Amino acid sequence: GMTPDQLSYTIRSLTGQPLNTFIRQWRLMRVRELLDDDRLSYAEVARRCGFNSVQTMSRFLDRWTKRTAYEYRVGKSNGHRLSRKQDVHS
């Protein structure tokens, strides 16, 4: 196994990003991918992305994209989705 420091060093070496930024960007990408599938409930998307609740996932999205999970899903059908460059704040 790896120690937390080794993992952090390895991720930074491979991506040039701190571990927390890498994880945040991965979660944002994964949430967006799963929200694109209207067959999945918000609770299922939250669970698959490691959130304890829909509310926690929605607050996470709101913080980093300025949109809730509902706004993201509804916006995609109206063509108002943010680009990936717009919605990741360091």
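Since we're looking at a predicted model, the values are computed, not measured.
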J.: Output yes when a side-chain donor or acceptor of Thr10 lies under 3.5 Å from a complementary backbone atom of Gln6, and no otherwise.
T.: yes
J.: Within a strict 4.5 Å, meaning less than it, do heavy atoms of the Tyr72 and Asp36 side chains meet?
T.: yes
J.: On the six-membered ring of Phe22, is Arg12 placed so that its NZ or CZ lies under 6.0 angstrom from the centre and within 45° of the ring axis?
T.: no
J.: Verify the distance criterion only: is there a donor paired with an acceptor across the side chains of Thr56 and Ser53 at less than 3.5 Å?
T.: yes
J.: Donor-acceptor pair, Ser58 side chain versus Ala69 backbone, under 3.5 Å?
T.: yes
J.: Against Val45, only a single residue in Glu33, Arg32, Arg30, Met57 fulfils side chain to side chain contact (heavy atoms under 4.5 Å, CB included); can you say which?
T.: Met57
J.: Counting distance only, does the side-chain N/O of Arg27 pair as donor-acceptor with the main-chain N or O of Gly50 below 3.5 Å?
T.: yes
J.: Would you call Arg67 and Leu61 a side-chain contact if the rule is heavy atoms closer than 4.5 Å?
T.: no
J.: Heavy-atom distance under 4.5 Å between the side chains of Val31 and Leu35, does that happen here?
T.: yes
J.: State plainly whether one hydrophobic cluster holds both Val74 and Trp64, where clusters connect Ile, Leu, Val, Met, Phe, Trp and Tyr through side-chain heavy atoms under 4.5 angstrom apart.
T.: yes
J.: What pair of heavy atoms forms the shortest contact from Lys66 to Glu71, and how long is it?
T.: O-OE1, 4.2 Å
J.: Does this structure show an ion pair linking Asp38 with Arg73, if we count only N-O contacts that are shorter than 4.0 Å?
T.: yes
J.: Does atom CG of Asn20 have more than 12 heavy-atom neighbours, drawn from other residues, nucleotides or ligands, at distances under 6.0 Å?
T.: yes
J.: Report yes or no: do Trp26 and Tyr9 belong to one cluster of Ile/Leu/Val/Met/Phe/Trp/Tyr joined by side chain heavy-atom distances under 4.5 Å?
T.: no
J.: Let me confirm one number: the CG-CD distance from Leu19 to Gln17, rounded to the nearest 0.5 Å.
T.: 10.0 Å
J.: I need the minimum non-hydrogen distance between Phe60 and Leu28, along with the two atoms involved.
T.: CE2-CD2, 3.7 Å
J.: Could you give me the CA-CA distance, side-chain angles and deciding distance for Leu40 and Asp37, then say whether side chain to side chain contact (heavy atoms under 4.5 Å, CB included) is met?
T.: CA-CA 6 Å; Leu40 296 176; Asp37 185 347; 3.9 Å; yes
J.: A side-chain contact here means heavy atoms from C-beta on lying under 4.5 Å apart; do Ile11 and Ile23 qualify?
T.: no
